[in-house]
Amino acid sequence: QVQLVESGGGLVQAGGSLRLSCAASGRTFSYYAMGWFRQAPGKERDIVAAISWNGGNTYYADSVKGRFTISRDNAKNTMYLQMNSLNPEDTAVYYCAAVVDYSGSYYYTEANEYAYWGQGTQVTVSS
């Protein structure tokens with residue numbers, strides 16, 4: 001089992017940047033495909049980005065392509081989400097998630113495919 005803790009959220013003006021981190025503990029980080037999701041008030045939890053455990057394959061939602069970058073450092077048991085050119089529509093609670101995957105090359109985009117979740121970190125973008 002793995003425990004996930006997000007950090008890096010906060011209040012930022014439109015056009016600004018934030019870097020979210022997801023620290024994992026409990027089991028080796030390397031065999032987990034990871035993802036970032038977000039949930040705005042009254043809306044469903046949606047995929048933002050996903051990454052395979054070897055870091056070689058990534059996925060981005062259309063709404064964040066070209067602005068967000070997902071990455072991971074398996075030696076540090078940490079995943080990141082660099083968010084640039086933020087706009088008010090990016091306001092949400094951001095969650096990191098993990099699922100065991102021994103293939104190394106897959107990523108997952110559906111929330112129900114993930115077994116482990118962090119507690120979330122609030123990102124608020126003011127106009």
Side-chain angles (χ1 to χ4, degrees):
Q1 187 169 342
V2 65
Q3 291 79 43
L4 305 173
V5 178
E6 302 96 336
S7 62
L11 174 64
V12 63
Q13 288 188 332
S17 298
L18 283 174
R19 188 193 197 200
L20 304 183
S21 298
C22 174
S25 62
R27 289 190 63 179
T28 177
F29 186 61
S30 296
Y31 296 116
Y32 288 88
M34 305 287 293
W36 286 101
F37 289 76
R38 66 186 181 186
Q39 188 167 20
K43 295 187 176 181
E44 295 185 350
R45 190 173 297 189
D46 293 327
I47 185 73
V48 175
I51 188 167
S52 59
W53 79 248
N54 65 8
N57 293 304
T58 57
Y59 168 88
Y60 295 94
D62 287 343
S63 59
V64 306
K65 280 182 183 177
R67 301 189 298 123
F68 291 10
T69 302
I70 189 171
S71 62
R72 64 190 295 163
D73 185 338
N74 288 346
K76 295 182 178 181
N77 288 356
T78 304
M79 176 179 65
Y80 305 97
L81 185 68
Q82 178 66 44
M83 305 186 295
N84 299 328
S85 301
L86 285 160
N87 59 62
E89 289 69 38
D90 295 316
T91 295
V93 177
Y94 283 71
Y95 298 90
C96 68
V99 59
V100 173
D101 178 76
Y102 293 109
S103 74
S105 59
Y106 289 138
Y107 55 73
Y108 299 85
T109 61
E110 299 295 328
N112 61 14
E113 293 178 303
Y114 285 86
Y116 305 102
W117 292 85
Q119 82 290 348
T121 185
Q122 176 70 46
V123 171
T124 303
V125 184
S126 62
S127 58

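Every heavy atom of this structure was used, including side-chain atoms; hydrogens, water molecules and symmetry mates were not.
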Looking at [X] and [Y], would you say the former's side chain and the latter's main chain have a donor-acceptor pair under 3.5 Å?
X: Thr91; Y: Val125; result: yes
X: Asn57; Y: Ser105; result: yes
X: Tyr114; Y: Tyr108; result: yes
X: Arg72; Y: Ala33; result: no

Do [X] and [Y] have side chains that get closer than 4.5 Å, going by heavy atoms?
X: Leu20; Y: Glu6; value: no
X: Tyr95; Y: Gln39; value: yes
X: Arg38; Y: Val48; value: yes
X: Tyr80; Y: Thr69; value: no
X: Met34; Y: Val2; value: no

Checklist line | Side-chain hydrophobic cluster, 4.5 Å single linkage: members besides Leu11 | finding: none
Notebook entry, point to check: For Ser103, which residues count as a side-chain hydrogen bond (donor to acceptor under 3.5 Å, both in side chains) partner, sequence neighbours excluded?
Noted result: Asp101
Next item on the list: Search all heavy atoms of Ala14 against all heavy atoms of Ser127 and return the closest pair with its distance.
Entry: CB-CA, 4.3 Å
Checklist line | Where Ala92 and Ala40 come nearest, the two heavy atoms and their spacing | finding: CB-N, 3.9 Å
Is it possible for you to say whether [X] and [Y] belong to one hydrophobic cluster, with membership spreading through side-chain heavy-atom contacts below 4.5 Å?
X: Tyr106; Y: Tyr102; result: no
X: Val64; Y: Tyr94; result: yes
X: Phe37; Y: Met79; result: no
X: Val93; Y: Leu81; result: no

Checklist line | Partners meeting side-chain contact (heavy atoms from CB on, under 4.5 Å) with Ala115 (sequence neighbours left out) | finding: none
Checklist line | Results of side-chain contact (heavy atoms from CB on, under 4.5 Å) for Asn87 - residues two or more places apart only | finding: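 Result, side-chain contact (heavy atoms from CB on, under 4.5 Å) vs Asn87: Arg67, Glu89, Asp90.
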Item checked: Qualifying ring pair (Phe, Tyr, Trp, His ring centres under 6.0 Å) pairs with a residue from residues 47-77, counting only residues at least two apart or across chains -> Tyr31-Trp53, Tyr59-Tyr107
Next item on the list: Please round to the nearest 0.5 Å and tell me the distance separating atom CG of Leu4 and atom CD of Gln119.
Entry: 9.0 Å
Note to self: Quick check for you: to the nearest 0.5 Å, what is the distance between Cys96 atom SG and Ile70 atom CD1?
What the structure shows: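 Cys96 SG to Ile70 CD1: 9.5 Å, rounded to 0.5 Å.
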Item checked: Trp117 vs Arg45, side-chain contact (heavy atoms from CB on, under 4.5 Å): CA-CA, chis, key distance, verdict -> CA-CA 12 Å; Trp117 292 85; Arg45 190 173 297 189; 3.3 Å; yes
Next item on the list: Check the pair Tyr116 / Val99 against side-chain contact (heavy atoms from CB on, under 4.5 Å), numbers first and verdict last.
Entry: CA-CA 7 Å; Tyr116 305 102; Val99 59; over 6 Å; no
Next item on the list: Not counting sequence neighbours, list each pair that qualifies as a side-chain hydrogen bond (donor to acceptor under 3.5 Å, both in side chains) and has a residue in residues 9-22.
Entry: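 Every side-chain hydrogen bond (donor to acceptor under 3.5 Å, both in side chains) pair that includes a residue of residues 9-22, provided the two are not neighbours, is Ser17-Asn84.
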